[in-house]
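Okay, so here's the structure we're looking at.
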Amino acid sequence: MYACSPSWSDDWISEGDLSRILDQLSGSIAPAPGGSSRIGVNYGLHFTGGEPFLNYRLLLRAVELAEDYDIPSVFVETNCFWCVSRERAEEMLLELRRAGLDGVLVSVNPFLVEYTPFERLVLVAELAERIFDGGLIIYQREFYDQFRRIGLRGTMSFEEYLARLGVNGLRWAELLPMGRACYKLRELFRRYPAKVFFDEDCRGSLLRSWHAHIDNYGNLITGYCAGLSLGDARRLDELVEGGLDLDERPILGMLILEDLGSLYRFAVKEYNYVERSDGYISKCDLCLDIRRHIVEQAGADEYPELAPREFYKHLEEERGG
Ligand code: SF4
C-alpha cells in the first residue's frame, strides 16, 4: 500500500517532530475497548513503517514520548526481521514494555515471508503474547494459520505461495487493491474500464475519524490513501481548527467534493492522461495511476497533497525493494 522499499531515502522522523505530533494527538486517541493498557487494531496509537525496528533507538524513544503524553493503547507493528536471537528479542520487548508499550502487532502475509523466515514471526508472536500479557495482534491471522498448516520453514516466494495454495489462498484474507498491488499484482484481479469508477467519491475514506496514519515527513494520511496528504500533522491543531484548504489542494477537493470522473477529466484535459488499455483493478488503481501521471508532469511544488513525492517513484519496484 505504501510502496515500501529499502531504496527510499532514510529520512527518519526527528524527535522534535515526533514530540510535537504526539502532543497534539494526545487528547484525541480512543483507548481499546478493554482499557488503555490493552490494544486493538483500530484503537490507540501504533508505531509502524516501513519497519519501526529498523531504528530501534528511535522506536524506544517514541514509546517513551507516548507514555509521557499519556497516550492509551500503544502498540508497534513489525515484520519481525530483527528477531534473529531469542535472548535479544526478549530483551528488546521487555525494554519496550517498561517504556510503556502495550503490545505488538505481528504482520503476516505472503509478501513478508518472501524475505523474513516464518520462524521469526512465530517467535515474536510467542514472546509478545507472554511479555505483554496477551497484548498481541497477528495480522492477518488467516495467513499465519495457513503457514503453520503447511509447516512453512524459512522464506517462500510469492510464486511458490501461489503454486502451493493457489489464488484461493488469498481469498481468506484482505489484499487491498491499492498501492503497489495495482502495478505488480494486477494479473490477480479482474479489470474494468475507467468509466466504471467515475461515480465514486472518496469522502468517506478521506474524512473518516478512525485509523489515520502520519508519516515521517508529517503528512496526515487517512483512508490508507498513500501519496495523498491532508496536511502537515506537525501543525495538526491549526489543521483541525482552520479546516482543509481545498483550493490549495485541488486534487483532494475533487476526490472529496466531486468524484473520480472529475479527476479523470481534469487529468485528460490538463495533463493528457491516457486511459490504460488493460483496465483498472479498482477505483484506487484509477486514482493512483492518474495521480502518478500528474506527479510526472507537474512541478515539484504544485499539488502539495500529492505527498510524499517519493512514494510515486517506488510503486513499480520489485516486491521488497
Ligand atoms: S480512490 Fe483514491 S482517494 Fe479514494 S480511497 Fe482510493 S486511493 Fe483513496
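Only this structure's heavy atoms are used, side chains among them; waters, hydrogens and symmetry mates stay out. Whatever order the structure lists them in is the order used to number ligands and atoms, beginning at 1.
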Inset, instruction - Measure up the His46 and Phe75 rings against each other and bin them: parallel (under 30°), tilted (30 to 60°), perpendicular (over 60°). - result: parallel
Legend entry - Contact list for residues 12-25, test salt bridge (Lys or Arg N to Asp or Glu O under 4.0 Å), sequence neighbours left out: Glu15-Arg61, Asp17-Arg20, Asp17-Arg234
Legend entry - Distance-only polar pair, side chains of Tyr224 and Ser205, donor-acceptor under 3.5 Å: no
Legend entry - Positive for side chain to side chain contact (heavy atoms under 4.5 Å, CB included) with Ile71, one of Ile29, Val63, Asp102, Leu65: Ile29
Legend entry - Per-atom contacts of ligand 1 with Arg291, taking only distances under 4.0 Å to non-hydrogen atoms: 7 (S)
Legend entry - salt_bridge(Arg292, Glu316) N-O dist < 4.0 Å: yes
Legend entry - Protein N, O or S atoms under 2.8 Å from atom 8 (Fe) of ligand 1: 1
Legend entry - Salt-bridge contact Arg98-Glu95 (side-chain N to carboxylate O under 4.0 Å): no
